[in-house]
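As a basis for the values below, the full set of heavy atoms in this structure was taken, side chains included, without hydrogen atoms, waters or symmetry mates.
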Protein chains: 2
Amino acid sequence: MFDSLQPMSPRSSQITFPDRAAQDRRGLDHIAGKPLVTFRSGQKIYVAGDETGPVYRVAYGLVRIYRILSDGRRQIYAFHLPGDVFGLETEAEHQFFADAITKTGLQVLRPGAGDDLQQFLAIALKLLNQAQNHLLALGRQDAVGRVRAFLVEMAERQQSSGDGVLMLPMTRTDIGDYLGLTLETVSRVLSKLKKTGVVRQVSPHRLDILRWDILRADYD
Amino acid sequence: MFDSLQPMSPRSSQITFPDRAAQDRRGLDHIAGKPLVTFRSGQKIYVAGDETGPVYRVAYGLVRIYRILSDGRRQIYAFHLPGDVFGLETEAEHQFFADAITKTGLQVLRPGAGDDLQQFLAIALKLLNQAQNHLLALGRQDAVGRVRAFLVEMAERQQSSGDGVLMLPMTRTDIGDYLGLTLETVSRVLSKLKKTGVVRQVSPHRLDILRWDILRADYD
DNA sequence: CGACATCTTGATAGCTTTCAACTCGGGTGG
DNA sequence: CCACCCGAGTTGAAAGCTATCAAGATGTCG
């Protein structure tokens with residue numbers, strides 16, 4: 001699974017996020033400089049049932065965290081972008097699946113002495129916050145509201161507030177499995193946003209956001 | 001807001017949960033014995049915008065944690081039962097509302113020196129776990145599945161697995177706002193479960209669970 | 001450049017919400 | 001002690017939204 005310990009260049013023909021790691025080195029900065037583990041597009045990082053191991057930090061690429069039910073339904077809990085930390089779980093075995101959506105490089109953070117506590121708490125609270133926002137979207141928003149919330153979330157995390165360029169390397173199915181919708185509904189909502197001039201679609205995986213005011217409307 | 005520092009008896013004409021605190025004194029045991037702050041049914045504990053203060057532990061009663069959107073829609077994130085700890089947030093101001101559903105007694109835990117870190121991390125990860133399960137129900141289950149998941153969750157947390165007696169002091173509206181459903185849909189699903197012999201309804205707020213196997217079916 | 005996965009769009013079915021009327025239960029006051 | 005009252009719960013009918021099924025268009029990658 002660990003193909004290479006050599007850091008790979010973020011440059012590739014695939015769509016990637018800008019590497020925010022450089023600006024985002026707050027809590028776990030001191031481990032910077034370690035070699036990266038790299039994953040190809042679609043490759044699994046860990047699966048439910050695996051022994052819980054290290055914690056990872058995304059250097060470049062995109063990771064999805066999810067569960068699969070017995071009937072095949074899938075719920076995606078998070079997309080992790082450069083700078084994000086994931087893999088922290090309570091149990092001895094992973095409860096989730098994690099895999100790379102695009103070519104991805106990860107820093108491996110082996111939980112150390114125990115002065116990581118402060119950082120882990122911060123990470124856990126951040127994940128909790130995101131889960132709670134996610135919950136609000138799934139519980140109290142219709143399809144359009146969920147997609148708008150998703151676009152705003154991804155855009156802010158990519159800090160594309162400036163230029164309005166939003167990269168969405170994940171598939172429509174991924175987005176649907178994150179939002180509790182079908183891929184068709186996601187596609188229809190995006191078409192509607194396109195038709196109403198809220199976004200412009202450069203390609204299926206690249207949007208330009210034209211009307212932040214409309215996207216953001218309705219948040220309490 | 002702090003009506004009384006005198007512990008009140010859990011005995012009352014209202015429906016209450018059995019006090020699990022005695023068996024649940026793991027992490028924060030050392031603060032036991034402190035006086036309780038009590039709240040009447042429906043009384044607010046804190047509101048969004050309040051300065052983040054102490055952390056609370058439920059001694060008896062039932063607490064709901066929620067947000068309200070500008071149009072009045074409400075999302076309930078958690079019901080807290082005896083033994084649960086809540087009130088831990090990242091920001092300086094509360095992002096949520098908390099109020100007592102039944103008459104409730106709380107232990108006030110003022111974050112201390114900093115060796116609470118381990119415990120806070122455990123609490124945060126537990127809340128994260130619950131949020132993730134909640135997310136799965138909202139994202140990938142229909143109305144019947146959500147209500148079943150809710151009944152199983154509440155029954156397990158009340159440890160009524162033995163006798164199958166399940167107290168639901170919250171209203172149908174509360175349940176709906178937790179599950180992303182309307183109160184009517186919640187009522188209809190409960191009626192269906194009653195008709196199919198899965199539960200027996202002693203009163204609107206007390207169910208006897210007859211068929212655990214059916215309630216639990218379909219969880220991965 | 002070609003093949004295959006992904007995406008888009010349309011039509012229909014199914015589920016949940018909405019609106020409405022009625023019932024039930026607990027609490028209050030006569 | 002009982003009748004009344006009002007909030008909460010139940011049930012019904014119709015509208016609205018999303019899923020499903022299906023076909024065609026577009027992109028991507030080898």
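When atom types are taken as modelled, the side chain of Gln158(A) and the backbone of Leu166(A) share no donor-acceptor pair closer than 3.5 angstrom.
Not a single side-chain hydrogen bond (donor to acceptor under 3.5 Å, both in side chains) links Arg188(B) to another residue, sequence neighbours left out. Every residue two or more places apart in sequence or in another chain that forms a salt bridge (Lys or Arg N to Asp or Glu O under 4.0 Å) with Asp208(A) is listed here: Arg200(A), Arg206(A). The ring-ring contact (aromatic ring centres under 6.0 Å, His included) search around Phe97(A) returns Tyr66(A), not counting sequence neighbours. With sequence neighbours left out, the ring-ring contact (aromatic ring centres under 6.0 Å, His included) criterion links Tyr178(B) to Phe79(B), His134(B), Phe150(B).
Residue His205(A) places no side-chain N or O under 4.0 Å from the OP1 or OP2 atom of dT28(D).
Annotation: proximity of residues 183-199 of chain B to DNA chain D (heavy atom, distance under 4.0 Å) is found for Leu183(B), Glu184(B), Ser187(B), Arg188(B), Ser191(B), numbered in ascending order.
By the 4.0 Å N-to-carboxylate-O rule, Glu156(B) lies close enough to Arg216(B) to be salt-bridged with it.
We find that CG of Leu181(B) is positioned 16 Å from C1' of dG9(D), with the value rounded to whole Å. One can place CG of Leu138(A) at 14 Å from C1' of dT18(D), the figure rounded to the nearest angstrom. Taking atom CD of residue Gln141(A) and atom C1' of nucleotide dT17(C), one finds them 16 Å apart after rounding to whole Å. In this entry the distance linking CD of Gln201(B) with P of dA8(D) reads 16 Å, nearest Å. Rounded to a whole Å, the CG atom of Leu168(B) is 13 Å from the C1' atom of dG9(D). In this structure, the CG atom of Asp142(B) is 12 Å from the C1' atom of dA19(D), given to the nearest Å. To the nearest angstrom, P of dA25(D) lies 19 Å from CZ of Arg172(A). Here dT26(D) presents its C1' atom at 18 Å from CZ of Arg206(A), a figure rounded to the nearest Å.
Using a 4.0 Å heavy-atom criterion, one finds that Thr171(A) contacts the sugar-phosphate atoms exclusively. Looking at heavy-atom distances under 4.0 Å, Gly180(B) makes contact with sugar-phosphate atoms alone, never a base.
Within the structure, salt bridge (charged side-chain N to carboxylate O under 4.0 Å, His left out) pairs that include any residue of residues 166-179 of chain A comprise Arg64(A)-Asp174(A), Arg74(A)-Asp174(A), Arg74(A)-Asp177(A), Asp177(A)-Arg140(B) (at least two apart or interchain).
Across the interface with DNA chain D, nearest-nucleotide mapping of Ala143(A) and Val202(A) shows Ala143(A) to be the residue nearer the 5′ end.
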